Amino acid sequence: QVQLVESGGGLVQAGGSLRLSCAASGPTTSRNSMGWGWFRQAPGKEREFVGGISKTGGNTYYGDSVKGRFTISRDNAKNSVYLQMNILKPEDTAVYYCALTHYFGRPQEPTQYTYWGQGTQVTVSS
């Protein structure tokens, strides 16, 4: 069973930056053939797609609300994915989740992802 663990969340002032990390453990074959995604969920809201990256890292894509501010990357040697978040806004406050998908293309729906981390809280103060 693949397991994902996020880290790097915290409290930051508006305009600041944070870098989230997510490390995977479990069957290597499964992980290396999958794409990564980041989602977030604020209280009372649906889970929102933040960004995704293909299994080779050659294709990245983002939700409209974070384009130009967030950057996703992966390091297959470290079985990890990262989310660099810049120019943070109070509306970015949420629990952030990493996830793995078998889908090709640009999957952006939570139902397209198979494995999920437990989430890490990001709070942006105004």
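These numbers were taken from a predicted model, which means no experiment stands behind them.
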Identify, with sequence neighbours excluded, every residue that meets ring-ring contact (aromatic ring centres under 6.0 Å, His included) alongside [X].
{"X": "Tyr96", "answer": "none"}
{"X": "Tyr97", "answer": "none"}
{"X": "Tyr61", "answer": "Phe49"}

- Of all pairs that satisfy disulfide bond (SG atoms under 2.5 Å apart), the ones with a partner from residues 48-82, not counting sequence neighbours: none

- Could you please spell out the steps behind the side chain to side chain contact (heavy atoms under 4.5 Å, CB included) verdict for Met85 and Arg19? CA-CA 6 Å; Met85 305 185 294; Arg19 185 177 187 242; over 6 Å; no

- Query: When the aromatic ring centroids of Tyr113 and Phe39 are compared, is their separation below 6.0 Å?
  - Reply: yes

Indicate the atoms forming the closest heavy-atom contact of [X] with [Y], along with that distance.
{"X": "Gly119", "Y": "Val95", "answer": "CA-CG1, 3.8 Å"}
{"X": "Asn59", "Y": "Arg106", "answer": "OD1-NH2, 3.2 Å"}
{"X": "Trp38", "Y": "Leu20", "answer": "CH2-CB, 3.7 Å"}
{"X": "Asn86", "Y": "Ser17", "answer": "OD1-OG, 2.9 Å"}
{"X": "Tyr62", "Y": "Val66", "answer": "CB-CG2, 4.1 Å"}
{"X": "Arg74", "Y": "Thr56", "answer": "NH1-N, 4.3 Å"}

- Identify whether Leu18 and Tyr82 are in the same connected component of the hydrophobic contact network (ILVMFWY, side-chain heavy atoms under 4.5 Å). no

As an exercise, state the distance from [atom1] of [X] to [atom2] of [Y], rounded to the nearest 0.5 Å.
{"X": "Ile53", "Y": "Thr60", "atom1": "CD1", "atom2": "OG1", "value": "6.0 Å"}
{"X": "Thr101", "Y": "Gln112", "atom1": "OG1", "atom2": "CD", "value": "6.0 Å"}
{"X": "Trp36", "Y": "Asn76", "atom1": "CH2", "atom2": "CG", "value": "9.0 Å"}
{"X": "Leu100", "Y": "Gln3", "atom1": "CG", "atom2": "CD", "value": "12.0 Å"}
{"X": "Glu109", "Y": "Arg47", "atom1": "CD", "atom2": "CZ", "value": "12.5 Å"}

- Task: For the pair Tyr103 and Thr111, evaluate side chain to side chain contact (heavy atoms under 4.5 Å, CB included) and give the outcome as yes or no after the intermediate values.
- Result: CA-CA 10 Å; Tyr103 280 76; Thr111 54; over 6 Å; no

- Task: Evaluate the side-chain hydrogen bond (donor to acceptor under 3.5 Å, both in side chains) criterion for residues Ser126 and Gln13: first the C-alpha distance (whole Å), next the side-chain angles of each, then the deciding distance (0.1 Å), finally the verdict.
- Result: CA-CA 6 Å; Ser126 57; Gln13 288 188 331; over 6 Å; no

- Task: Taking Thr120 for its side chain and Gly9 for its backbone only, find out whether a donor-acceptor pair lies under 3.5 Å.
- Result: yes

- Query: Would you find a donor on one side and an acceptor on the other, under 3.5 Å apart, between the side chain of Ser65 and the backbone of Gly63?
  - Reply: no

- Query: Going through the checks in order, is the side chain to side chain contact (heavy atoms under 4.5 Å, CB included) test met by Leu83 and Val50?
  - Reply: CA-CA 9 Å; Leu83 183 67; Val50 174; 4.0 Å; yes

- Task: Return the set of residues passing side chain to side chain donor-acceptor pair (under 3.5 Å) with Asp75 (not counting sequence neighbours), or none when no residue passes.
- Result: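 Expected list: none.
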
- May I have all residue pairs that pass salt bridge (Lys or Arg N to Asp or Glu O under 4.0 Å) and include part of residues 91-100, sequence neighbours excluded? Arg40-Asp92, Arg69-Asp92

- Working for side chain to side chain contact (heavy atoms under 4.5 Å, CB included), residues Ser21 and Ser7: CA-CA 5 Å; Ser21 301; Ser7 60; 3.7 Å; yes

